[in-house]
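As structure tokens, the structure follows; a few thoughts come after it.
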Amino acid sequence: MNRRMLLVTAGWFGAAVLAVVVGLAAVSVIGNGLTTPETRPLSAAEVADELARQVAVSPSAAEGSGSRPPATPSASASASSGPPTLTFPTRAGTVVGRCAGARPEVVSMSPRQGYELHEQDRGLQDDDAEGEFRAQGGGKDRVKFEIVCRAGIPALVADD
């Protein structure tokens, strides 16, 4: 009986060691697939470079006086049969506007990091649809704009 108990214990011990080895091998194989160079996290410097590159490419629609020409949209009119919808980048975020005839609408506003949505007209407006981004934390920096319709096409005009 003593010898039998020793064999059972040795068998359980062997099975436990085998299970641990198989588990570690599986985790190693899975881990290698998750941490390949294509999916490695970006360093702080790489993130800053990417953000600087995006900001440098995007035109700023909110700089200058309120009488300047409207910003150039970053996307063309949608291909749907509805009213055209255009996306306008500003230094404080992105604005999506559309027109239903001569009635403008701010469809959405997405603030950039460091800014928050302060004001947004909802629905179709009679003359212009307004919005405003403000710096977070009570900062004095703000970006006000209007969406106006010119021949049924939305245009963003800075409202300083």
Between [X] and [Y], is any pair of side-chain heavy atoms under 4.5 Å apart?
X: E119; Y: V106; result: no
X: R91; Y: D141; result: yes
X: P104; Y: C149; result: yes

Contact summary for [X] and [Y], nearest pair of heavy atoms:
X: A155; Y: R150; answer: CB-NH1, 3.9 Å
X: A92; Y: F133; answer: CB-CB, 3.6 Å
X: C99; Y: G152; answer: CB-O, 3.4 Å

### Query
Going hydrophobic residue to hydrophobic residue with side-chain gaps under 4.5 angstrom, can you get from V96 over to F145?
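No: no chain of side-chain contacts under 4.5 Å links V96 to F145.
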### Query
Quick one: do I153 and V107 end up in the same hydrophobic cluster if we chain Ile, Leu, Val, Met, Phe, Trp and Tyr together by side-chain heavy atoms under 4.5 Å apart?
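No: no chain of side-chain contacts under 4.5 Å links I153 to V107.
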At what distance, to the nearest 0.5 angstrom, does [atom1] of [X] lie from [atom2] of [Y]?
X: E146; Y: E130; atom1: CD; atom2: CD; answer: 5.0 Å
X: Q136; Y: E116; atom1: CD; atom2: CD; answer: 5.0 Å
X: R98; Y: L124; atom1: CZ; atom2: CG; answer: 7.0 Å
X: L6; Y: F13; atom1: CG; atom2: CZ; answer: 12.5 Å
X: S108; Y: Q120; atom1: OG; atom2: CD; answer: 7.5 Å
X: Y115; Y: S110; atom1: OH; atom2: OG; answer: 15.0 Å

### Query
Can any side-chain N or O of Q125 pair as donor or acceptor with the backbone N or O of G123 at less than 3.5 Å?
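Pair found, side chain donor or acceptor close to backbone of G123.
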### Message
Given 3.5 Å as the limit, does a donor-acceptor pair link the side chain of D128 with the main chain of V148, or not?
### Response
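No: the side chain of D128 does not pair with the backbone of V148.
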